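Keep in mind the model is a prediction, meaning the values are calculated, not measured.
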Amino acid sequence: MTAILQEDLIQSVADAFQYISYYHPLDYIKALGAAYEREESPAARDAIAQILTNSRLAAEGHRPICQDTGIGMVFIKVGMRVSWPDATLSLQEMIDEGVRRAYANPDNPLRASVLADPAGTRRNTKDNTPAVVHVELVAGDGVEVICAAKGGGSEAKAKFAMLNPSDDLVDWVLKKIPEMGAGWCPPGIIGIGIGGTPEKAMLLAKETIMAPVDIHELKARGARNRAEELRLELFEKINALGVGAQGLGGLTTVLDVKVLDYPCHAANLPVALVPNCAATRHCHFHLDGSGPARLEPPKLADWPAVTWTPDVQSATRVNLDTLTREQVAAWKPGQKLLLNGKMLTGRDAAHKRIADLLAKGEKLPVDFTNRVIYYVGPVDPVRDEIVGPAGPTTATRMDKFTRMMLEQTGLISMIGKSERGPVAIEAIKDNRSAYLMAVGGAAYLVAKAIKSAKVVGFADLGMEAIYEFGVEDMPVTVAVDSSGVSVHHTGPREWQIKIGKIPVSG
């Protein structure tokens, strides 16, 4: 029997979640660097440059790659010849203690995003516990662990279908990818789980995105089974859709497609799709009884030599403190802006509370007249930071509040990530407003542009409070202009036509 000490598992889990908060897997970074070199879309190339630069900054500074430091997931395989001689906690409790230590680490505190009572009070557990744990007993005398942190934007885009055995699985995937929009922060990795039962298919899809990026090795040697044939076919066809980095249109939407299958009932074809976003956080370690896992830091020299800097030549500098409705209405789709001055922040909980106050005829804690709001929930600052990593959250969650904000508060523009839905676009068009997009997956880089920060409303909401940020040259792109034109519609369509492998209807 191999004796594994309780503290060794706890500390290994804690170290792993800290590690993945600021280190990308090198296989992902190298694949993204290769995609940057191939990319022909200027907007997508700029977005990838921001993600790569952010990745290196996070690795150097040991600060989160993304402000959404995810929900903790652990896949653990315990050998049947393993004992836990000093354990006073269950396996779930040991893992939760490791997650707790990681997220409360004073040198690199991670954002607490886990809510208890999800259909009721939605109370923040404050330490990101409990983790979602998948346990398997296997032959052997060691413990294999995969720790992953999945952001809410990519988790929200997971798909499942119980297809008929005669249905075309590839067609289903190709219909779902455009429906997912850009909230999962492409370019990333798509996991496909096929077979088993509904919950087994979802688990297969989730587990397979933890594997290394190796699609180019597969292309070089050729497929050996149906699952590998599907990987190659889907990789080519998904990229031919032209969705591109951040949904702006381009050559690379996915860096890899993973497929795992399992026997299923003769009457069924369960299929699950789970994306891994530009943050792509996971690491693997082994415990053999000799102590906690040792996680070797990657070499910064292995990062691609890509450094993003503000494009002061072609971008338009905007003074937020004197911004007018007329200026906002004049912005054009795809126009690059560098924002300067004061902006407000707010996301789901703040918008809900604003709606409640307005419905009661009560005063708001801050005046939104002629202001811009940034959809963000930042990480707490450490040392001399003004604010921790502060990248955009998915804007579509605020769509149902958009007309209210534009017509009842005096707000004139919004900043977030990914596309806007038809309800929000109609409200933007009716009010001659605009929606600006910041790059998801560049949270630490964005935070460098924030020069002051203070809470000005709903302090009890924690990271969802309303802040006032003072920014200098914060990079954004006009994603929806005052006439309702969305670059998340026009960009992918343009690049699907240019790639020319999938017909464009209409």
Side-chain angles (χ1 to χ4, degrees), residues 152-153 156-157 179-183 246-248 318 320 323-335 337 339 343-362 364-377 391-440 456-458 461 464-469 474 476-491:
K157 302 302 181 180
E179 291 177 10
M180 288 162 56
Q246 302 291 301
L248 296 171
V318 173
L320 297 173
L323 188 63
T324 66
R325 291 182 176 275
E326 291 71 27
Q327 288 174 304
V328 171
W331 290 338
K332 302 299 182 186
Q335 185 177 351
L337 307 178
L339 304 182
M343 66 172 63
L344 298 171
T345 77
R347 41 177 286 159
D348 311 63
H351 279 76
K352 176 64 167 63
R353 195 170 288 185
I354 289 168
D356 292 343
L357 290 174
L358 290 173
K360 296 174 185 175
E362 296 180 11
L364 300 182
V366 63
D367 185 2
F368 286 92
T369 304
N370 289 344
R371 303 296 295 272
V372 172
I373 194 168
Y374 181 28
Y375 302 146
V376 63
T393 197
T394 305
T396 47
R397 298 202 311 275
M398 270 54 73
D399 281 5
K400 64 182 179 181
F401 300 109
T402 300
R403 186 172 294 276
M404 173 198 76
M405 293 296 294
L406 293 176
E407 296 179 359
Q408 297 185 50
T409 72
L411 188 76
I412 58 174
S413 187
M414 303 143 286
I415 308 163
K417 76 169 185 183
S418 75
E419 71 285 347
R420 303 308 298 263
V423 170
I425 291 175
E426 196 65 27
I428 290 167
K429 182 178 177 180
D430 290 347
N431 289 277
R432 302 287 291 162
S433 179
Y435 164 62
L436 312 176
M437 190 209 79
V439 171
V456 294
F458 308 149
L461 294 180
E464 293 210 60
I466 298 176
Y467 288 77
E468 183 179 72
F469 285 168
M474 176 178 166
V476 295
T477 299
V478 180
V480 180
D481 77 343
S482 59
S483 65
V485 175
S486 169
V487 298
H488 287 101
H489 296 161
T490 58

Report task. Please examine the side chains of V372 and I415, heavy atoms only from C-beta on, and report whether any two atoms are closer than 4.5 Å. Result -> yes

**Report entry** Nearest atoms (heavy-atom pairs only) where A424 meets T402
**Finding:** CB-OG1, 3.8 Å

Query - Residue list, ring pair (Phe, Tyr, Trp, His ring centres under 6.0 Å) with H489, at least two apart or on another chain - result: none

Query raised in the report: Does the pair I354 and Q408 meet the rule for a side-chain contact (heavy atoms from CB on, under 4.5 Å), with working shown?
Result: CA-CA 10 Å; I354 289 168; Q408 297 185 50; over 6 Å; no

Query raised in the report: What residues, two or more places apart in sequence or in another chain, satisfy side-chain hydrogen bond (donor to acceptor under 3.5 Å, both in side chains) together with E179?
Result: K176

Query raised in the report: Does any non-hydrogen side-chain atom of I373 lie less than 4.5 Å from one of M343?
Result: no

Query raised in the report: So, do D481 and P333 sit near enough that their side-chain heavy atoms are less than 4.5 Å apart?
Result: yes

**Report entry** Residues that E426 engages under salt bridge (charged side-chain N to carboxylate O under 4.0 Å, His left out), provided they are two or more places apart
**Finding:** none

Query - Where at least one partner belongs to residues 394-406, residue pairs that pass salt bridge (Lys or Arg N to Asp or Glu O under 4.0 Å), sequence neighbours excluded - result: D348-R397, D399-R420, R403-E407, R403-D430

Report task. Report the relative orientation of the aromatic rings in H351 and Y375; use parallel for angles under 30°, tilted for 30 to 60°, perpendicular for over 60°. Result -> perpendicular

Report summary line: CG (N370) and CG (L411) are apart, to the nearest 0.5 Å, by 9.5 Å

Query raised in the report: In chain order, what residues pass the ring pair (Phe, Tyr, Trp, His ring centres under 6.0 Å) check against F368, with sequence neighbours excluded?
Result: none

Report task. Taking all heavy atoms of K417 and all of G440, pick out the closest pair and write down the distance. Result -> CD-CA, 4.1 Å

Report summary line: On a heavy-atom basis, the closest approach of G416 and A395 is CA-CB, 4.4 Å

Requested in this report: To the nearest 0.5 Å, tell me how far R353 CZ sits from E362 CD.
Outcome: 11.5 Å

Report task. Only pairs at least two apart or in different chains count here, so list each ring pair (Phe, Tyr, Trp, His ring centres under 6.0 Å) that has a residue in residues 410-437. Result -> none

Query raised in the report: Who are the side-chain hydrogen bond (donor to acceptor under 3.5 Å, both in side chains) partners of T490, not counting sequence neighbours?
Result: none

Report task. Give, for atom CE of M405 and atom CG of N431, the distance between the pair rounded to the nearest 0.5 Å. Result -> 12.0 Å

Report summary line: For I466 and P365, the nearest pair of non-hydrogen atoms, with its separation, is CD1-CG, 4.5 Å

Query raised in the report: Taking the side chain as C-beta and beyond, is there a heavy-atom pair between V478 and K332 under 4.5 Å?
Result: no

Query raised in the report: So, do M414 and I428 sit near enough that their side-chain heavy atoms are less than 4.5 Å apart?
Result: yes

Report task. Evaluate the side-chain contact (heavy atoms from CB on, under 4.5 Å) criterion for residues V485 and V480: first the C-alpha distance (whole Å), next the side-chain angles of each, then the deciding distance (0.1 Å), finally the verdict. Result -> CA-CA 5 Å; V485 175; V480 180; over 6 Å; no

Report summary line: Hits for side chain to side chain contact (heavy atoms under 4.5 Å, CB included) against D367, two or more places apart or cross-chain, chain-then-number order -> T369

Requested in this report: Kindly say whether Y467 contributes a backbone atom to a donor-acceptor pair with the side chain of T345 at under 3.5 angstrom?
Outcome: yes

Query raised in the report: Between R432 and V328, is any pair of side-chain heavy atoms under 4.5 Å apart?
Result: no

Requested in this report: List for me each residue that meets side chain to side chain contact (heavy atoms under 4.5 Å, CB included) alongside E326, sequence neighbours excluded, and say none if there are none.
Outcome: T324

Query raised in the report: If you take all heavy atoms of A465 and G457, which pair is closest and at what distance?
Result: CB-O, 3.6 Å

Requested in this report: Report the distance from atom NZ of K360 to atom CG of L358, rounding to the nearest 0.5 Å.
Outcome: 11.0 Å

Requested in this report: For the pair T477 (side chain) and A479 (backbone), establish whether a donor and an acceptor sit closer than 3.5 Å, ignoring hydrogens and angles.
Outcome: no

**Report entry** Pair F458-L357, side-chain contact (heavy atoms from CB on, under 4.5 Å): steps then yes or no
**Finding:** CA-CA 12 Å; F458 308 149; L357 290 174; 3.9 Å; yes

Report task. Give a yes or no on whether the backbone of H488 and the side-chain of E419 come within a donor-acceptor separation of less than 3.5 Å. Result -> no

Query raised in the report: If you take all heavy atoms of G346 and A350, which pair is closest and at what distance?
Result: CA-CB, 4.1 Å

Report summary line: Taken in chain and number order and not counting sequence neighbours, the residues that satisfy side chain to side chain contact (heavy atoms under 4.5 Å, CB included) with R371 are K342, L344, E468

Query raised in the report: Within a strict 4.5 Å, meaning less than it, do heavy atoms of the R325 and S433 side chains meet?
Result: no

Query - Distance in Å, M437 CE paired with L248 CG, rounded so as to fall on 0.5 Å steps - result: 4.5 Å

Query raised in the report: With a 4.5 Å heavy-atom cut-off, do S482 and W331 have their side chains touching?
Result: no

Query - For K429, side chain to side chain contact (heavy atoms under 4.5 Å, CB included) partners two or more places apart - result: none

Requested in this report: Kindly compute the distance separating CG (L323) from OG (S413), expressed to the nearest 0.5 Å.
Outcome: 7.0 Å

Report task. State whether the side chain of K157 and the backbone N or O of M180 hold a donor-acceptor pair below 3.5 Å, judged by distance alone. Result -> yes

Requested in this report: Not counting sequence neighbours, which residues clear ring pair (Phe, Tyr, Trp, His ring centres under 6.0 Å) with Y374? List them please.
Outcome: none

